[in-house]
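What you see below is based on every heavy atom in this structure, not just the backbone, and it leaves out hydrogens, waters and symmetry mates. Read the numbers this way: they start at 1 and go in the same order the structure lists the ligands and their atoms. This structure is a prediction, so every number in the text was calculated from the model and none was measured.
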Amino acid sequence: MPEPLPETAPGPEALCLGEAMIMFAGGPGPLADVEVFRRSVGGAECNVAGGLAALGVPTGWLSRLGDDGFGQHVLRDLRARGVDVGGVELDAVRPTALYVKESHDGRSRMHYYRSGSAAAAMDEQFLQRPEVRDRLARARLVHTTGITAAISTTSADMLERLASEPREFLLSVDLNWRPALWRDKDPESLWRLLKAADIVLIGADEAEVFAGTRNPDELYERLGAKTLVVKDDAHTALVIEPGGRTEVPALSVEVVETVGAGDAFAAGFLAATLQGLPMVQRLRLGHLTAAAVLTAPEDHAPPPAAEVRERLLAATDEEWAATKVGPA
Ligand SMILES: Nc1ncnc2c1ncn2[C@@H]1O[C@H](COP(=O)(O)OP(=O)(O)OP(=O)(O)O)[C@@H](O)[C@H]1O
Ligand SMILES: O=C(O)C(=O)C[C@H](O)[C@H](O)CO
């Protein structure tokens with residue numbers, strides 16, 4: 001059973017709410033031919049939680065896991081990465097979700113085995129559990145994604161509740177549009193969640209599919225977000241907020257595998273936000289942490305070393321533009 005936070009503990013500053021999955025990476029080659037898979041932990045919010053903790057932000061991950069070996073592995077892995085898992089509930093019946101990453105023809109495809117998972121049973125009551133309620137009351141930031149809105153109707157209801165109740169924390173939402181999870185579902189609840197958020201992160205490509213536009217001004221207008229971050233792959237990341245707009249070009253990266261780069265970007269951007277850094281540095285830290293994941297095969301990777309981060313956050317625009325990142 002998760003331990004409630006002691007009354008005096010400050011609790012995690014940041015909380016990430018969503019499903020973790022055991023990820024099996026196979027290939028290169030078509031799934032039908034792969035015999036051996038490498039196991040690691042995936043899941044968007046869980047990737048962000050690990051990324052925030054690695055950047056020194058006290059972070060908790062809120063979710064449900066099957067009371068099975070895979071769930072134990074997720075807990076062990078997150079604890080080892082310094083993430084508080086006291087808000088995790090174990091389910092004796094429903095399993096921990098799985099996903100298989102197929103690498104074939106130079107691209108990755110995700111195959112989910114997650115329907116009926118322990119996390120999909122998250123509901124409004126989950127937020128009322130003392131272990132969760134106490135952490136929410138003390139957090140400065142809560143991050144979630146469109147994936148959590150998609151995994152079940154009870155989970156979508158939970159997010160509606162989270163977004164509509166009075167809150168002290170900043171609510172951050174990454175669109176993370178996953179069409180496979182939205183078949184036969186109306187994304188209206190996701191629009192409401194995005195509109196209620198204080199910070200919205202969105203990739204230009206997925207915006208085009210989800211909202212029919214990749215134009216940041218149109219998105220800002222439609223989402224009414226207080227801080228909208230639009231990432232455009234290898235090109236640039238742009239923030240629009242009431243005070244104006246800031247744009248920072250992406251780094252030049254020798255890409256190994258792209259899944260998880262958006263989560264790593266979110267971790268860097270949000271960590272720098274909590275640290276009160278100026279907007280250019282918030283975007284730069286996002287690019288830097290994304291670059292670390294782009295040069296690794298897993299969905300998450302340790303961020304660049306502190307001295308590298310400090311040097312590049314302080315670099316001139318010319319030095320930044322000339323920076324190249326390759327596999328470690
Ligand atoms: N080819 C690339 N070269 C350099 N940086 C990249 C490249 N692709 C992605 N990035 C970095 O990763 C960040 C996130 O990428 P992207 O724009 O694809 O967001 P996303 O669609 O939300 O990601 P995800 O597919 O992980 O959900 C970018 O803002 C950038 O920092
Ligand atoms: O696609 C999902 O639902 C995942 O959470 C798996 C990956 O870890 C995630 O997509 C990376 O952003």
- prompt: ring pair (Phe, Tyr, Trp, His ring centres under 6.0 Å) with F269: which residues, sequence neighbours excluded?
  reply: none

- request: Check each atom of ligand 1 against the heavy atoms of F265 and keep those under 4.0 Å away; list them by number with element.
  value: 29 (O), 31 (O)

task: Check each atom of ligand 1 against the heavy atoms of G260 and keep those under 4.0 Å away; list them by number with element.
output: 26 (O)

field: Every residue of the protein that comes under 4.0 Å of ligand 2, judged on heavy atoms
entry: M21, G42, G43, A44, N47, Y99, M110, Y112, R114, I147, R178, V259, G260, D263, D299

Atom pairs and distances, donor-acceptor, side-chain atoms in residues 320-328, under 3.5 Å, two or more places apart:
residue	atom	partner	partner atom	Å
W320	NE1	P249	O	2.9
T323	OG1	E319	O	2.8
T323	OG1	W320	O	3.3

- request: Give yes or no for whether the N/O distance cutoff of 3.5 Å, strictly under, is met between K231 and ligand 1.
  value: yes

query: Is there a side chain to side chain donor-acceptor pair (under 3.5 Å) between D299 and Y99 once you walk through the steps?
result: CA-CA 12 Å; D299 294 3; Y99 102 90; 2.5 Å; yes

query: At a 4.0 Å threshold, what atoms of ligand 1 neighbour a non-hydrogen atom of N176?
result: 27 (O)

- prompt: Is there a nitrogen or oxygen of D233 sitting under 3.5 Å from a nitrogen or oxygen of ligand 1?
  reply: yes

query: Of L238, T289, L294, which has the heavy atom at the shortest distance from atom 5 (N) of ligand 1?
result: L294

Would you give me the side-chain donor-acceptor pairs under 3.5 Å for residues 103-111, sequence neighbours excluded?
residue	atom	partner	partner atom	Å
S108	OG	E257	OE2	2.5
H111	NE2	E102	OE1	2.8

- prompt: Do side-chain atoms of T148 reach the backbone of T144 as a donor and acceptor pair under 3.5 angstrom?
  reply: no

Ligand 1 contact by D205, heavy-atom criterion under 4.0 angstrom: no

Contacting atoms of ligand 1, where contact means under 4.0 angstrom from a heavy atom of H287: 29 (O), 30 (C), 31 (O)

task: Report yes or no: do T213 and E218 form a side-chain donor-acceptor pair below 3.5 Å?
output: yes

Proximal ligand 1 atoms for A290, defined as those under 4.0 Å from one of its heavy atoms: 11 (C), 12 (O), 13 (C), 31 (O)

Backbone of T96 reached by a side-chain donor or acceptor of D68 within 3.5 Å: yes

message: Check this for me - ligand 1, A250, N or O atoms closer than 3.5 angstrom, yes or no?
response: no

message: Can you confirm whether or not the ring centre of W182 sits under 6.0 Å from the ring centre of F210?
response: no

query: Can you check whether a protein heavy atom sits less than 4.0 angstrom from atom 3 (N) of ligand 1?
result: yes

